[in-house]
Amino acid sequence: MIDFKEKIARVLAEHVEGFTAAQLKEMLEVPADSSMGDYAFPCFRLAKTFRKAPPMIAQEIASKLGDALIFEKAENVNGYVNFFLKRAVFTEEVLKEVIEKGKGYGRSDVGEKKKVIVEFSSPNIAKPFHIGHIRSTVIGNAIYKLYDFIGYDTVRINHLGDYGTQFGKMIVSYRRWGNEADVKAEPIKTLLSYYVKFHEEAEKDPSLEDEAREVFTKLENHQPEEVRLWQWFREESLKEFSRVYGMLGIEFDSYAGESFYSDKMGRVIDLLNEKKLLKESEGAQIVELEDYNLAPALVMKKDGSTLYITRDIAAAIYRKETYDFYKNIYVVASQQNLHFQQWIKIIELMGFDWAKDCVHVPFGLVSLEEGTMSTRQGRVVHLEEVLNRAVKQTREIIIEKNVNTDNIDETSKQIGIGAVIFQELSNNRIKDYVFSWDKVLNFEGETGPYVQYTYARASSILRKAEMEVTTAVDYHVLSTDTAYELSKLIYKFPDIILEAADRYEPSILTRHVVDIAQAFNKFYNDEHILVADLEVRKAKILLVSAARNTIKNGLTLLGMEAPEKM
RNA sequence: GCGCCCAUAGCUCAGCUGGAUAGAGUAUUUGACUACGAAUCAAAGGGCCGGGGGUUCGAAUCCCUCUGGGCGCACCA
């Protein structure tokens with residue numbers, strides 16, 4: 001597709017001395033208001049070198065430019081040279097590209113098949129999958145899809161929290177107060193109750209804590225009975241998780257969780273020793289990071305067992321050796337910022353130059369109106385319940401509207417679950433937010449259902465048009481402001497994808513998809529599409545088809561479905 | 001105490017590596033379904049962009065400082 005900005009920069013370069021086309025391209029902007037043109041060149045920075053007032057410079061440039069192949073006029077407004085593209089030329093270029101590429105519109109090969117690992121979701125087993133986990137899960141999935149779409153070779157890893165002292169606690173509690181039948185009937189609920197019970201009892205009898213640590217050490221040393229129980233808990237938990245992943249349409253390439261690295265810890269300790277990074281402190285082994293303005297990192301407890309951070313170091317080394325990644329992305333809560341700074345610095349100190357390729361992508365905290373979530377205190381909202389309620393509400397709305405009740409189960413799922421995903425991907429990931437039922441169950445305005453509705457509407461028009469989509473149309477028909485705005489947003493789509501991937505920020509894409517939907521709805525309301533004049537109808541149908549196609553590609557990247565009817 | 005993050009309309013948030021009158025959604029008021037789906041569209045009101053300094057031709061955006069909030073800081077993950 002033509003890079004219009006590039007073209008304008010080249011034309012400018014012929015008339016502005018001392019700057020390359022590339023430099024000029026950097027300086028080009030998009031005006032705040034489209035009535036001021038499609039691109040703008042601010043002349044303020046040229047004032048010093050040319051020793052003239054910006055409006056004079058702009059005036060001179062504009063008068064020299066006249067018209068060109070791709071723009072019809074360039075004019076000076078307050079020191080800016082504003083460019084107005086030839087709308088029909090622009091629209092033809094964009095729409096042909098979309099129709100030709102179809103599902104691949106926006107795809108690119110900038111990744112050159114380089115390996116990118118995305119670690120996301122990573123719930124703790126034996127604990128409920130709650131609304132706090134949705135962020136990593138949904139944001140991580142979108143980041144994976146974005147990188148996949150722009151040509152990287154991706155690996156999705158679910159770094160399950162399936163190891164650590166907590167399982168010592170679980171086993172102790174199960175042996176004292178639990179039974180097999182209860183676990184089989186309702187695994188996570190029962191296991192969680194053991195965990196809660198443990199903490200209640202440990203308040204009264206602190207020696208239980210030591211007992212739990214001992215049991216975990218046995219697990220680390222592969223004692224058969226402990227390993228058997230742990231494996232059983234893990235399997236039962238995974239069954240429940242896969243149900244939620246199924247609803248969300250999310251898959252992983254690897255479930256190598258923390259336990260997977262349990263036999264790779266010795267090597268990490270040896271390497272740290274070799275590099276003389278270890279230091280004894282109060283009986284434990286630490287890595288001092290004072291020189292880097294970071295708190296010391298505890299890598300081995302006084303009883304010789306390892307910690308979370310040791311496992312992350314082992315995991316990073318393993319991944320480098322196994323996948324030889326170009327980038328190793330971790331979609332993990334911002335609460336763990338320090339933890340990531342610490343271990344990535346340690347990796348660097350160990351002499352691994354690929355430490356710079358490990359990227360922590362943090363996101364803000366989800367809390368409830370009652371306060372921060374606490375599994376132990378039962379203060380949680382289960383993700384499955386959120387999804388189920390969203391689906392149920394969608395179903396009620398469909399019945400009420402009575403537009404299309406075929407496949408109502410399937411459609412309700414697409415929309416209800418889509419609403420939850422979309423909501424999660426709407427804001428900058430770094431922001432904290434308070435979970436609210438009203439908000440996830442609101443389907444109007446900037447929401448998933450709004451975008452899906454727009455898609456269904458576009459699909460409906462195409463069904464009724466009774467004509468093939470063709471790019472052999474009169475593009476002047478699509479030169480109205482509303483049609484042109486829509487084409488411009490469609491044109492930006494591939495760049496938006498690159499930016500969203502580059503900044504690890506799916507919300508950039510989410511916002512843009514909303515913008516396209518809004519522009520489409522405006523066009524839909526402003527102009528009659530299925531007009532009698534077949535030439536006009538043909539052109540408008542082409543734009544509808546391109547918009548619909550782009551919306552679908554966007555939704556797919558966000559991990560959502562696009563229903564034909566709803 | 002130290003470190004990191006956040007602060008924009010009543011509410012929820014956009015605002016790209018500084019650029020023209022700070023934008024959406026929601027809520028409120030009002031208008032549009034005998035044209036293609038009203039989960040829609042249009043209009044109105046609503047802002048010392050947390051406060052104060054600074055850099056710059058130009059700051060919501062960059063720097064300093066203060067205030068308010070969140071998160072983290074040794075044997076949990």
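What you see below is based on every heavy atom in this structure, not just the backbone, and it leaves out hydrogens, waters and symmetry mates. Reminder, nothing fancy here: chain letters follow the sequence lines and each chain counts from 1.
- A salt bridge is absent between A:Glu370 and A:Arg379; no separation between the charged side-chain nitrogens and carboxylate oxygens falls under 4.0 Å.
- Across all strands shown, A:Leu338 has heavy atoms under 4.0 Å from sugar-phosphate atoms exclusively, and none from any base.
- A:Asn82 contributes a side-chain N or O that forms a donor-acceptor pair with the base of B:A20 under 3.5 Å.
- Between B:A77, B:G15, B:A14, one nucleotide has an atom nearer to the side chain of A:Arg503 than all others, and that is B:G15.
- A:Val77 comes within 4.0 angstrom of a base, heavy atoms only.
- The gap from the C1' atom of B:A39 to that of B:C66 amounts to 47 Å, rounded to the nearest Å.
- The side chain of A:Glu444 approaches B:U40 more closely than any other nucleotide in the set B:U40, B:A74, B:C16.
- Going from the C1' atom of B:C76 to that of B:A59 covers 45 Å, rounded to whole Å.
- Listed candidates were B:A24, B:A39, B:A77. Nearest to the side chain of A:Gln336 is B:A77.
- Within 4.0 Å of A:Pro449, counting heavy atoms only, lies at least one base atom of the nucleic acid.
- Among the atoms of the strands shown, none is found under 4.0 Å from any heavy atom of A:Glu466.
- A:Ile541 comes within contact range of no nucleotide atom at all, as no heavy-atom separation falls under 4.0 Å.
- Applying the side chain to side chain donor-acceptor pair (under 3.5 Å) test to pairs two or more places apart or on separate chains, those with a residue in residues 450-466 of chain A are A:Tyr450-A:Asn521, A:Thr454-A:Asn521, A:Tyr455-A:Arg548, A:Tyr455-A:Glu564, A:Arg457-A:Asn521, A:Ser459-A:Arg548, A:Ser459-A:Glu564.
- A:Gly161 comes within 4.0 angstrom of nothing in the nucleic acid, heavy atoms only.
- Nearest-nucleotide assignment on RNA chain B puts the 5′-proximal partner with A:Arg429, out of A:Pro54 and A:Arg429.
- Taking the side chain of A:Ala456 as heavy atoms from C-beta on, and the options B:C16, B:G37, B:G70, the nearest nucleotide is B:G37.
- Note on A:Thr165: only backbone sugar-phosphate atoms sit closer than 4.0 angstrom, heavy atoms only; bases stay farther off.
- Which of B:A77, B:C57, B:U40 sits closest to the side chain of A:Asn521 comes down to B:U40.
- Closest to the A:Lys522 side chain, of the nucleotides B:A42, B:C75, B:C57, is B:A42.
- Out of B:C57, B:U12, B:G37, the shortest distance to the side chain of A:Tyr453 is found at B:G37.
- If you check every strand for non-hydrogen atoms under 4.0 Å, A:Glu258 touches sugar and phosphate atoms only.
- Only the P atoms considered, B:C16 is 15 Å distant from B:A22, to the nearest whole Å.
- Taking atom P in both B:G46 and B:U40, one finds a spacing of 25 Å when rounded to whole Å.
- Contacts of A:Arg213 with the nucleic acid, taken as non-hydrogen atoms under 4.0 Å apart, involve only primed sugar atoms and P, OP1 or OP2.
- Looking at heavy-atom distances under 4.0 Å, A:Lys439 makes contact with sugar-phosphate atoms alone, never a base.
- Distance check on atom P: B:C64 versus B:C4 gives 10 Å, rounded to whole Å.
- Comparing A:Val514 and A:Ile397 along RNA chain B, the residue whose closest nucleotide (by nearest heavy atom) sits nearer the 5' end is A:Val514.
- Using atom C1' as the reference point in both B:U12 and B:A7, the two lie 14 Å apart (nearest Å).
- Nucleic acid contact for A:Gln518: sugar-phosphate only, since backbone atoms but no base atoms lie under 4.0 Å from a heavy atom of the residue.
- Using C1' as the reference atom, B:C62 and B:G72 are 27 Å apart when rounded to the nearest Å.
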> A:Val299 and A:Leu307: side chain to side chain contact (heavy atoms under 4.5 Å, CB included), yes or no, with the steps?
Replying inline: CA-CA 6 Å; A:Val299 294; A:Leu307 288 135; 5.9 Å; no
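- A salt bridge links A:Glu535 with A:Lys538: the distance from a Lys NZ or Arg NE/NH1/NH2 to an Asp or Glu carboxylate oxygen falls below 4.0 Å.
- In summary, A:Arg503 and A:Glu499 engage in a salt bridge, as defined by a charged side-chain N under 4.0 Å from a carboxylate O.
- Residue contacts shown for A:Lys48 are limited to sugar-phosphate atoms, with no base heavy atom under 4.0 Å away.
- Of the residues A:Asp495, A:Asp38, A:Asp481, the one that meets the salt bridge (charged side-chain N to carboxylate O under 4.0 Å, His left out) test with A:Lys488 is A:Asp38.
- Looking at A:Ser281, its side chain comes within 3.5 Å of the base of B:A74 through a donor and an acceptor atom.
- The cationic atom of A:Lys48 (NZ for Lys, CZ for Arg) does not lie both less than 6.0 Å from the six-membered ring centre of A:Phe44 and within 45° of the ring axis.
- In this structure, of B:C36, B:C75, B:C6, it is B:C36 that holds the atom nearest to the side chain of A:His528.
- Comparing atom distances between the A:Ile286 side chain and each of B:A39, B:A20, B:A74 picks out B:A74 as nearest.
- In RNA chain B, runs of at least 3 stacked Watson-Crick or G-U pairs (N1-N3 plus N6-O4 or O6-N4, or N1-O2 plus O6-N3, all under 3.5 Å) give these stems: B:1-7 with B:67-73, B:10-13 with B:23-26, B:28-32 with B:40-44, B:50-54 with B:62-66.
- Candidate nucleotides B:A77, B:A20, B:A7 were compared by shortest atom distance to the side chain of A:Asn124, and B:A77 ranks first.
- Under the 4.0 Å criterion applied to side-chain N and carboxylate O atoms, A:Glu485 and A:Lys522 are not assigned as salt-bridge partners.
- No engagement by A:Ala47 is indicated, since no non-hydrogen atom pair under 4.0 Å with the nucleic acid exists.
- Look at A:Glu424 and A:Arg135 and you find a salt bridge, because one of the NZ, NE, NH1 or NH2 atoms lies within 4.0 Å of a carboxylate O, short of that distance.
- On the C1' atoms, B:A24 is 13 Å away from B:U8, given to the nearest whole Å.
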>> Between A:Cys43 and A:Phe41, does the side chain to side chain contact (heavy atoms under 4.5 Å, CB included) criterion hold? Intermediate values first, please.
In response: CA-CA 6 Å; A:Cys43 298; A:Phe41 180 66; 3.9 Å; yes
